[in-house]
Amino acid sequence: MARTAYFWDSSSLDHNTGRHVECIARAERLHPDRMRERAPGIDHRPILAHGAEELILRVHDAEYLEFVSTAHENGFRALDRGDTRISAGSYRAALNAVDAAATAADGVMSGAYETAFCAMRPPSHHALPFQAMGFCLFSTPSILARYLQARHGLGRVAILDWDVHHGNGTQYIFWEDPDVFFLSLHQHPLYPGSGLEDETGEGPGKGATLNLTFLPGTEEADYLARFEAQAVPALLAFEPEFIILSAGFDAHCDDPLGELRLTPEGFARMTRCVKEAAAQSCGGRMVSLLEGGYNLDALESSVGAHLVGLCSD
Ligand SMILES: [Zn+2]
């Protein structure tokens with residue numbers, strides 16, 4: 001049995017954003033052949049159709065889905081205020097990212113493999129139910145949480161987001177939901193500006209959102225110390241039945257959009273921590289989804305380190 005499934009699909013190459021940091025080359029760098037050289041234990045698996053549009057409607061408004069599905073043919077070349085570019089293949093790529101997440105979760109739930117990483121574009125954690133934002137079309141981690149609850153009957157799902165930017169879309173979706181714990185570590189101040197530490201959810205969701213902010217220039221050792229002292233215990237205290245990782249790699253020290261100081265070794269260490277937390281709380285069940293990471297060399301080496309961590313005992 002292969003331990004770590006790897007989902008990568010050529011549709012990610014059809015989301016053509018042109019000269020942009022969130023570019024096709026990101027997917028090229030994460031081709032399974034390249035990643036297998038760094039993490040020989042991964043098993044590249046096919047993505048199975050799950051009716052992505054129906055899954056998306058559990059999180060996103062029907063009007064928004066309709067808008068995105070027809071945006072390119074209606075002449076739009078960007079959504080949002082212009083930083084979320086689209087091409088003819090973008091919609092299909094985004095649907096495939098959702099199908100990949102659902103396929104990955106099915107395999108983890110059935111025990112076909114222990115963990116999975118979805119190296120899909122476009123990213124997802126800024127997308128709102130009614131609006132694209134920050135290179136993101138659909139909120140794949142949120143859609144996956146709802147899928148796990150509906151299809152697999154799970155109750156409590158945790159979403160851990162270590163992208164350097166705050167996962168404002170995911171936070172928005174689960175703001176009043178006590179059953180989905182959203183935990184974000186991010187640089188502040190930085191785009192999109194939300195995610196202050198006093199943002200902890202509302203109503204029944206009070207306490208099910210946790211934001212840990214880091215000043216620009218924070219060193220890796222300080223970041224990792226807080227990760228282990230605060231993030232991991234909070235994750236365990238929630239007692240999740242499944243952990244979804246919104247894995248951006250733009251907290252890397254060479255990333256052009258962030259100013260944190262992480263290295264691939266840091267990502268590997270955090271990966272092992274999350275894996276251990278999943279083992280303690282939910283039989284090891286976790287799926288990791290690619291978010292940001294915009295220095296191509298840093299992205300490739302960091303994802304490689306992440307995969308090595310996922311494959312480790
Ligand atoms: Zn990011």
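Counting starts at 1 for both ligands and their atoms, following the listed order. Residue numbers start at 1 and run along the sequence shown.
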Practice prompt. Assess whether side-chain hydrogen bond (donor to acceptor under 3.5 Å, both in side chains) is satisfied between Y91 and E53, documenting all intermediate values.
Written response: CA-CA 10 Å; Y91 183 61; E53 288 165 319; 2.5 Å; yes
Worksheet entry | SB check R156 E239 (cutoff 4.0 Å) | no
Worksheet item: Would you call R92 and D9 a salt bridge, using N to O less than 4.0 angstrom?
Response: no
Item to complete: Give a yes or no on whether E291 keeps an N, O or S atom under 2.8 Å from the Zn ion (ligand 1).
Response: no
Worksheet entry | the Zn ion (ligand 1) contact by H165, N, O or S atom under 2.8 Å | yes
Practice prompt. Specify which N/O/S atom of D250 comes nearest to the Zn ion (ligand 1), by atom name.
Written response: OD2
Worksheet item: For D163, what is the atom name of its N, O or S atom nearest to the Zn ion (ligand 1)?
Response: OD1
Worksheet entry | Over 12 non-hydrogen atoms of neighbours within 6.0 angstrom of CD in E54 | no
